[in-house]
Amino acid sequence: MHIVELVKANAPITGEQIAELLGLSRPTLRSDLALLVMLGLVDAKPKVGYTPGSAVTPGSIAAQHLQQIKVKDVQSMAVVIREQSSVHDAVVQLFMEDVGSLVAVDDEGCMTGVISRKDLLKFTLGNTNAAAMPVSMVMTREPNVIHASPEESVIDAARKMINHQVDSLPVVVISKCSQADGRKRFDVVGRVTKTIMTKILLDLAIKG
């Protein structure tokens with residue numbers, strides 16, 4: 001929000017100028033600026049710089065509202081698949097549910113990984129035996145899965161999406177199941193997507 005206020009006061013302003021005012025390096029701010037552009041809080045104009053975005057109303061009402069929205073307020077239902085299911089089943093479920101990724105769970109319902117369309121495409125191209133293989137061979141495994149908690153702000157969730165270049169995040173809580181290899185295990189309670197983020201901005205714009 002400090003960046004938003006700087007842009008409002010000094011627009012148009014370059015990323016280098018913002019970094020200088022904050023005493024930071026330009027690369028350090030890259031993900032934050034990308035997040036603010038995605039949320040509509042600032043606009044990026046080539047060869048001009050950053051200007052206030054369409055989502056910023058007088059007094060930064062929209063910005064203040066965004067800070068108050070938590071993931072649990074906007075999350076949708078997660079689409080899960082058993083890790084023993086086949087790649088063929090995963091492909092069918094992706095298209096039937098019209099989602100970009102599936103969350104893999106074990107027999108206790110704890111998250112074990114995430115499978116995206118990109119994962120499936122890379123795995124199946126030229127692999128005639130791929131359809132019968134379990135999704136556990138394709139998925140990104142926990143603890144390498146980037147996720148959100150219900151109590152996080154949507155701004156923090158959006159920052160994770162941009163930093164890790166993913167379109168959605170599983171929303172999880174710590175499971176009561178026994179830990180595996182000393183690590184925390186998670187129950188999946190929902191998901192948050194870039195589409196949800198866009199709907200939040202649209203709602204803010206309509207309310208004005």
[X] to [Y] - nearest heavy-atom pair and separation:
X: S168; Y: S101; answer: OG-OG, 3.2 Å
X: A104; Y: I115; answer: CB-CD1, 3.8 Å
X: P134; Y: V87; answer: O-CG2, 4.2 Å
X: N127; Y: F123; answer: CB-O, 3.3 Å
X: V7; Y: P52; answer: CG1-N, 3.6 Å
X: V135; Y: A90; answer: CG1-CB, 3.6 Å

Practice problem: Using the side chain to side chain contact (heavy atoms under 4.5 Å, CB included) rule, take D187 and C110 through it: C-alpha gap first, then chi angles, then the decisive distance, then the call. | Solution: CA-CA 5 Å; D187 292 329; C110 293; 3.8 Å; yes
Exercise. Go through the steps to decide whether F186 and I174 satisfy the test side chain to side chain contact (heavy atoms under 4.5 Å, CB included), and finish with yes or no.
Key: CA-CA 5 Å; F186 299 99; I174 296 176; 4.0 Å; yes
Separation between [atom1] of [X] and [atom2] of [Y], rounded to the nearest 0.5 Å:
X: R185; Y: K176; atom1: CZ; atom2: NZ; result: 15.0 Å
X: N144; Y: M139; atom1: CG; atom2: CE; result: 10.5 Å
X: S175; Y: M111; atom1: OG; atom2: CE; result: 10.5 Å
X: R159; Y: L35; atom1: CZ; atom2: CG; result: 5.5 Å

What about [X] and [Y], same hydrophobic cluster or not, with Ile/Leu/Val/Met/Phe/Trp/Tyr joined at side-chain heavy-atom distances under 4.5 Å?
X: I18; Y: I162; value: yes
X: I155; Y: I146; value: yes
X: L21; Y: V42; value: yes
X: V138; Y: V99; value: yes
X: L102; Y: V189; value: no

If we ignore hydrogens and angles and just use 3.5 Å, is the side chain of [X] paired with the main-chain N or O of [Y] as donor and acceptor?
X: T124; Y: L120; answer: yes
X: E97; Y: L94; answer: no
X: R141; Y: G113; answer: no
X: R82; Y: V105; answer: no
X: Q17; Y: T14; answer: yes

Does the side chain of [X] reach to within under 4.5 Å of the side chain of [Y], using non-hydrogen atoms?
X: P170; Y: V145; answer: yes
X: V74; Y: I69; answer: yes
X: I3; Y: L36; answer: yes
X: K194; Y: D167; answer: yes
X: I196; Y: Q75; answer: no
X: D43; Y: Y50; answer: no
X: M197; Y: M161; answer: yes
X: L6; Y: L22; answer: yes

In terms of side-chain heavy atoms, does [X] have a donor or acceptor partner in [Y] at a distance below 3.5 Å?
X: T28; Y: S25; result: yes
X: S31; Y: N163; result: yes
X: Q84; Y: D106; result: no
X: E142; Y: T112; result: no

Charged N to carboxylate O under 4.0 angstrom, [X] versus [Y]?
X: K70; Y: D73; value: no
X: E20; Y: R26; value: no
X: R117; Y: D98; value: yes
X: E151; Y: K72; value: yes

Practice problem: Could you go through the side chain to side chain contact (heavy atoms under 4.5 Å, CB included) check for R191 and T193 one step at a time? | Solution: CA-CA 7 Å; R191 67 188 176 106; T193 67; 3.3 Å; yes
Quiz item: Should E152 and K160 be marked as a side chain to side chain contact (heavy atoms under 4.5 Å, CB included) after you check the CA-CA gap, both sets of side-chain angles, and the distance that decides it?
Solution: CA-CA 11 Å; E152 278 186 54; K160 287 181 180 179; 2.7 Å; yes
